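Note that this is a predicted model, so its numbers are computed, not measured. Numbering of ligands and ligand atoms starts at 1, following listing order.
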Amino acid sequence: MVKKVAVIMGSDSDLPLMQGAVDMLKKLDIPFEVHIFSAHRTPDAAADFASNAIKDGFGVLIAGAGKAAHLAGALAARTTLPVIGIPIKSSTLDGMDALLSTVQMPSGMPVATVAIDGAGNAALLAAQMLAISDKSLAEKLSAMRRQQTETVMQKDRELQKTYA
Ligand code: RP5
């Protein structure tokens, strides 16, 4: 049985962006839970969730937050599960604030940070981590890659017709 992925966001205002991670997990049939926890507004709830995540059957945590985005790091401090951080563009600084707050973790406390607003990639990376010990999930990911390759090759064939 594949382990669950937690999709955690700092605010309900992050949900439209974080839906991209949920959609990808659904596409891959990976069990998940979605939560709002904030490193600043609900620090105890965030810490409790991360502290219990292994016992509660999670394999990877995805954490998306904007502005002074400490959520991924705060969760990582409470668990040895891999934590994937999504810096969210939600401010006048174009997401650079969240990117630096998420990616610049001190040594000994890693957060695997994806691109600004990279919710789909965060879910794919979580799936790849779980696929290390799940052959059927690994096969699904390979099939998705083959489909992606074929889509681009088809676009190239169409382009050749236009510019021939
Ligand atoms: C962060 O502050 C959240 O992750 C969100 O991206 C940002 C703004 O939150 P709201 O003021 O919209 O609740 O904590």
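- Of the listed residues (Ser11, Gly10, Gly66), the one carrying the non-hydrogen atom nearest atom 9 (O) of ligand 1 is Ser11.
- In this structure, Asp14 contributes its side chain and Gly10 its backbone to a donor-acceptor pair below 3.5 Å.
- Looking at atom 6 (O) of ligand 1, its nearest protein heavy atom turns out to be Asp14 OD1, 2.6 Å.
- Of all the atoms in ligand 1, the ones that sit under 4.0 Å from a non-hydrogen atom of Ser90 are 6 (O), 7 (C).
- Between Glu158 and Lys155 there is no salt bridge, since no side-chain N of the basic residue sits under 4.0 Å from a carboxylate O of the acidic one.
- In Ala65, the parts holding a heavy atom less than 4.0 Å from any atom of ligand 1 are both the side chain and the backbone.
- Taking the side chain as every heavy atom from C-beta outward, Met144 and Gln147 never approach each other to under 4.5 Å.
- Using a 30° and 60° split on the angle between ring planes, His40 and His70 fall in the perpendicular class, above 60°.
- For Ser13, a nitrogen or oxygen atom sits less than 3.5 Å from a nitrogen or oxygen atom of ligand 1, counting backbone and side chain alike.
- Ile88 does not count as a contact of ligand 1, since none of its heavy atoms falls under 4.0 Å from the ligand.
- Considering Val34, Ile36, Ile62, Leu71 in turn, Leu71 is the only one that fulfils the side chain to side chain contact (heavy atoms under 4.5 Å, CB included) rule with Ile8.
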Worked check of side-chain hydrogen bond (donor to acceptor under 3.5 Å, both in side chains) between Arg157 and Gln160: CA-CA 5 Å; Arg157 287 193 285 274; Gln160 298 320 303; over 6 Å; no

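- For the pair Arg41 and ligand 1, the shortest N or O to N or O distance falls below 3.5 Å.
- Of the N or O atoms in Lys67, none lie within a sub-3.5 Å distance of an N or O in ligand 1.
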